[in-house]
Trainee: 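Got a structure for you, written out below as structure tokens; questions coming shortly.
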Amino acid sequence: MMGCIRMPIVYYFSLLLRREERIMGEKQPVAAVTEDGRMVDLNRKGEKVEKYIYFDDKEGKHIYWHSTSHLLAQAVKRLFPEAKYTIGPSIEEGFYYDFDTPHPFTEDDLKRIEKTMVNIARENLVIEREDIPREKALEYFKEQGESYKVELLEELTEPMVSIYRQGEFVDLCRGPHLPSTGRINAFKLLSVSGAYWRGDEHNPMLQRIYGISFETKEQLEEYLRFLEEAKRRDHRKLGRELDLFSLQEEGPGFPFFHPKGMTIINTLLEKWREEHRKRGYQEIQTPIMLDRSLWERSGHWDHYRENMYFSQVEEREFAIKPMNCPGGILVYQSRLHSYREFPLRMAELGLVHRHELSGVLHGLMRVRCFTQDDAHIYLEPHQITNEIIEVMDLADYFYRLFGFDYDIELSTRPENSMGSDQIWEMATSSLSKALEKVNKPYKINEGDGAFYGPKIDFHLKDSLRRRWQCGTIQLDFSMPEKFDLTYAAEDGTRQRPVMIHRTVLGSIERFLGILIEHYAGSFPSWLAPVQVQVLPIADRHMEYAGAIKQLLSEKDIRTELNQEKATLGAKIRKAQLEKIPFILVVGDSEVEKNMVAVRDRNKGDLGPMEIDKLFELVK
RNA sequence: GCCUGCGUAGCUCAGUGGUAGAGCGCACCCUUGGUAAGGGUGAGGUCACCGGUUCAAUCCCGGUCGUAGGCUCCA
């Protein structure tokens, strides 16, 4: 069978290593890099070490997490010998391991598995690598009945493969790994869920256990607090608590916006309209439902049908729009356009409906109808680069307004697409040219473009480091062709315009969700649904409080008057929980001096103030 | 769509094979207050829906819908 491990010698080696690590101080390396730049196990590092890799390094974390996933698999195999293990990589945050077993893992199982993991870590098993012929590994895993490992091995072409052994547990793995299981100090299994073998929905569904690990208990606790914070900021929870929106059983994926949510959206859109007007955009609106023939012509019928809703009326078939472009194009075609108008920027806050699989719906982030802050820009080919730079600047303006950091991705031609190779080539290079011209770093996303053209996507990073796709810029040579769009060029000939489809916020619904979580419900004053609440101390101050409210309302400040019969403390608490930016307390003293006592949501009591001063604060 | 869990008052959640409870919220009454919870009284539930087992189902079983976390897919 597998080569017998010379236990005492290896153990001695491991002890030496641990002493060496102790000498190096608190931080112990997780792997080493040799002179020729290869990352290797500490157990095999040999004499010449270029540098050490630590947990703090990105690669170090992945090694640490990967070793923890092996620990997880070992524990599962001890508790559930019949479970087949498949793959268990490290991921962006933590690791998972997929198992094939008829026994569904429960919360209690996770606890038991964790306990077993602790025991295995205490056993401090040496994690040893062996390089063996592929055939030999195949033979071993076949004998063990580990059919998934066999499948993986059968696809490998290398004559030699590496396996890692810790105690009785053996896994096919490239490594590197920690020197021993005892090096895994703090970990937690977070969840269990289904996952298709190799991510293919035709394959069997496996059970995936997710987890995370750290070098210290403190780091783990900090991470768990971070998860709690994310839960506290969840837009679904805050949306209900702050009465911003709701989702109803009657409309899965179709959100309902309440007055306060609507106030935020309208305030946001006021800003949006103002900025778009400044930058030369005109606004249009097109119908939600249009005849089937339009969608056949645009290509949506062939390329997007499974995501569309339909309606049949008087024997005529209509499709509910999943995108705004075909409707927008009809507006363009309603008269002849001149090159002098270009770039012709037509914006539309268009409500689109897309049938999404029920399992993907998520609050406002993933819905079945949403409002795109869309625009279609018609231009001449030589204007492309400049216009794309303009749009990127507009997106940058909005993201900065909210303090979002963002990444840019360039997506290329997908499989199910239309148009010739040359057109795609030209469109894609126009986009990368614009990106390079403004010197923005970007990542290429092969095959992720729209069916009619390549695109630049903006991914926002919120305050919890999560990324959300919002803005997109899509270059399109196909749609103008399909619809035979023309314009009168300088020389009087009819030419074909190029089209840019773009959004900045993406989906208004999703953007609101992101804002809620980003601000944890404490919206900046200009965006807050209620900016000021006036609290009279006793009934006799009601009249003065009402006058203050009136004054503020006339200045277009969103103000509420609290008329409840409650103690001041209770009223303040309630307003604080509603995250209202400013609370005005008025009692005998304020009435007498014609002032208001201002309480800032974050800073607390600011003391008495003239009303005029308050106007400045609120804006 | 697939896997697993969940669905009890507006919200957060207890609970039982013999048709239900708490806290918060809400309404009313008392209290007229100075920067995060004053006191009392009361209303409010087809226990998601449909079917089955049972003398009897909110509870057990099956299905449907919704929902949570993933997978696949996307703004």
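Every chain is numbered from 1 and lettered A, B, ... according to where its sequence line falls, protein lines coming before strand lines.
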Trainee: On a whole-Å scale, what distance lies between the C1' atoms belonging to G66(B) and U19(B)?
Mentor: 25 Å
Trainee: Does Ser589(A) reach a base, just sugar-phosphate, or nothing at all? Heavy atoms under 4.0 Å.
Mentor: base
Trainee: Remember a base hit wins even if backbone is also touched, and classify Asp200(A) as base, sugar-phosphate or nothing at under 4.0 Å, heavy atoms.
Mentor: nothing
Trainee: Using a cut-off of 4.0 Å on non-hydrogen atoms, how would the nucleic acid contact of Gly194(A) be classed: base, sugar-phosphate, or nothing?
Mentor: base
Trainee: Under 4.0 Å, counting only non-hydrogen atoms across every strand here, what does Gln576(A) touch: a base, just sugar-phosphate, or nothing?
Mentor: base
Trainee: Using a heavy-atom cut-off of under 4.0 Å over every strand shown, decide if Gly569(A) touches base, sugar-phosphate, or nothing.
Mentor: sugar-phosphate
Trainee: If I take atom CG in residue Leu351(A) and atom C1' in nucleotide A75(B), what distance separates them, rounded to the nearest angstrom?
Mentor: 13 Å
Trainee: Test side chain to side chain donor-acceptor pair (under 3.5 Å) on Trp65(A) and Glu93(A) and set out the steps.
Mentor: CA-CA 9 Å; Trp65(A) 289 333; Glu93(A) 276 183 1; over 6 Å; no
Trainee: Can you tell me how far P in G18(B) sits from the matching atom in U12(B), rounded to whole Å?
Mentor: 27 Å
Trainee: What's the closest nucleotide to the side chain of Leu568(A) if the choices are C73(B), G34(B), G70(B)?
Mentor: G34(B)
Trainee: Quick check on A75(B): is either OP1 or OP2 less than 4.0 Å from any side-chain nitrogen or oxygen of Lys455(A)?
Mentor: yes
Trainee: With respect to the side chain of Arg599(A), which nucleotide from U35(B), G33(B), A37(B) is positioned closest?
Mentor: U35(B)
Trainee: Can you tell which of G66(B), A68(B), G38(B) lies closest to the side chain of Arg236(A)?
Mentor: A68(B)
Trainee: Does atom CD of Gln285(A) have more than 12 heavy-atom neighbours, drawn from other residues, nucleotides or ligands, at distances under 6.0 Å?
Mentor: no
Trainee: How far, in whole Å, is U31(B) from G39(B) if one measures between their P atoms?
Mentor: 16 Å
Trainee: If only side-chain N and O atoms of Arg573(A) are considered, is one of them under 4.0 Å from the OP1 or OP2 phosphate oxygen of G38(B)?
Mentor: no
Trainee: For C13(B) and A57(B), measure between their P atoms and round to the nearest Å.
Mentor: 29 Å
Trainee: When rounded to the nearest Å, what value does the distance between C1' atoms of C11(B) and U67(B) take?
Mentor: 16 Å
Trainee: Select base, sugar-phosphate, or nothing to describe what Ala597(A) touches, counting heavy atoms under 4.0 Å on all strands.
Mentor: base
Trainee: With a 3.5 angstrom cut-off on both distances, give the Watson-Crick or G-U wobble partner of C26(B), or none if there isn't one.
Mentor: G42(B)
Trainee: Counting any heavy atom closer than 4.0 Å, what does Gly359(A) reach on the DNA or RNA strands: base, sugar-phosphate only, or nothing?
Mentor: base
Trainee: Over all strands shown, is Val367(A) touching base, sugar-phosphate only, or nothing at heavy-atom distances under 4.0 angstrom?
Mentor: base
Trainee: Would you please confirm or rule out a distance under 4.0 Å between OP1 or OP2 of G1(B) and any side-chain N or O of Ser358(A)?
Mentor: yes
Trainee: State whether Arg368(A) places a side-chain N or O below 4.0 Å from either non-bridging phosphate oxygen (OP1 or OP2) of A75(B).
Mentor: no
Trainee: Does the C71(B) base have a donor-acceptor partner in the side chain of Arg198(A) within less than 3.5 Å?
Mentor: no
Trainee: Which nucleotide, if any, forms a Watson-Crick or G-U wobble pair with U35(B), using both distances under 3.5 Å?
Mentor: none
Trainee: Side chain to side chain donor-acceptor pair (under 3.5 Å) for Thr412(A) and Glu446(A)? Distances and angles first, verdict last.
Mentor: CA-CA 5 Å; Thr412(A) 59; Glu446(A) 291 296 346; 2.9 Å; yes
Trainee: Which base sits across from C60(B) as a Watson-Crick or G-U pair, both distances under 3.5 Å?
Mentor: G52(B)
Trainee: From C-beta outward on Gln469(A), which listed nucleotide comes closest to its side chain: A75(B), G34(B), G70(B)?
Mentor: A75(B)
Trainee: Counting only side-chain nitrogens and oxygens, does His355(A) get under 4.0 Å of the OP1 or OP2 atom of C74(B)?
Mentor: no
Trainee: Give Glu590(A) one of three labels, base, sugar-phosphate or nothing, depending on what nucleic acid heavy atoms sit under 4.0 Å from its own.
Mentor: base
Trainee: Apply the salt bridge (Lys or Arg N to Asp or Glu O under 4.0 Å) test between Glu229(A) and each candidate in Arg225(A), Lys231(A), Arg232(A); give the one that qualifies.
Mentor: Arg232(A)
Trainee: Of the nucleotides G1(B), A75(B), G70(B), which one has an atom closest to the side chain of Ser507(A)?
Mentor: A75(B)
Trainee: Where the side chain of Glu356(A) is defined as all heavy atoms beyond and including C-beta, which of U12(B), A36(B), C74(B) is the nearest nucleotide?
Mentor: C74(B)
Trainee: Using both distances under 3.5 Å as the test, list the Watson-Crick or G-U wobble partner of C65(B), or none.
Mentor: G7(B)
Trainee: If we ignore hydrogens and angles and just use 3.5 Å, is the side chain of Thr267(A) paired with the main-chain N or O of Ile265(A) as donor and acceptor?
Mentor: no
Trainee: Charged N to carboxylate O below 4.0 Å: is that the case for Glu387(A) and Arg345(A)?
Mentor: yes
Trainee: Which listed nucleotide (U31(B), C3(B), G69(B)) is nearest to the side chain of Lys565(A)?
Mentor: U31(B)
Trainee: From the list C74(B), U72(B), G34(B), which nucleotide is the closest neighbour of the side chain of Val585(A)?
Mentor: G34(B)
Trainee: Show your working on side chain to side chain contact (heavy atoms under 4.5 Å, CB included) between His202(A) and Tyr196(A) and close with a plain yes or no.
Mentor: CA-CA 8 Å; His202(A) 305 294; Tyr196(A) 300 111; over 6 Å; no
Trainee: By a 5.5 angstrom centroid cut-off and a 30 degree plane limit, is there stacking between Trp468(A) and A75(B)?
Mentor: no
Trainee: For U8(B) versus C49(B), give the span between their C1' atoms, rounded off to a whole number of Å.
Mentor: 15 Å
Trainee: To the side chain of Asp605(A), which of U35(B), C74(B), C65(B) is closest?
Mentor: U35(B)
Trainee: Mind checking if Tyr210(A) touches a base, just sugar-phosphate, or nothing, with heavy atoms under 4.0 Å?
Mentor: sugar-phosphate
Trainee: Both distances below 3.5 Å, Watson-Crick or wobble geometry, any strand: find the nucleotide opposite G21(B).
Mentor: C13(B)
Trainee: Is the shortest side-chain heavy-atom distance between Ser432(A) and Tyr442(A) below 4.5 Å?
Mentor: yes
Trainee: For the P atoms, the ones on C50(B) and on U46(B), what distance do you get once it is rounded to whole angstrom?
Mentor: 12 Å
Trainee: Taking 4.0 Å as the cut-off, does a side-chain nitrogen or oxygen of Arg240(A) come that near to OP1 or OP2 on U12(B)?
Mentor: yes
Trainee: Show the numbers, then the answer: is there a side chain to side chain donor-acceptor pair (under 3.5 Å) between Lys440(A) and Tyr406(A)?
Mentor: CA-CA 11 Å; Lys440(A) 296 243 188 210; Tyr406(A) 61 91; 3.1 Å; yes
Trainee: For G33(B) versus G38(B), give the span between their C1' atoms, rounded off to a whole number of Å.
Mentor: 9 Å
Trainee: Side-chain N or O of Arg540(A) less than 4.0 angstrom from OP1 or OP2 on G33(B)?
Mentor: yes
Trainee: Look at all strands and tell whether Leu577(A) reaches a base, only sugar-phosphate, or nothing, counting heavy atoms closer than 4.0 Å.
Mentor: base
Trainee: Tell me whether Glu543(A) at atom CD has more than 12 heavy atoms from other residues, nucleotides or ligands lying less than 6.0 Å away.
Mentor: no
Trainee: Under 4.0 Å from OP1 or OP2 of G70(B): is there any side-chain N or O of Ser191(A) that close?
Mentor: no
Trainee: At under 4.0 Å, does any side-chain N or O of Lys574(A) touch on OP1 or OP2 of C26(B)?
Mentor: yes
Trainee: Reckon His541(A) touches a base, only the sugar-phosphate, or nothing at all at heavy-atom distances under 4.0 Å?
Mentor: nothing
Trainee: With both distances under 3.5 Å as the test, what is the Watson-Crick or G-U wobble partner of C2(B)?
Mentor: G70(B)
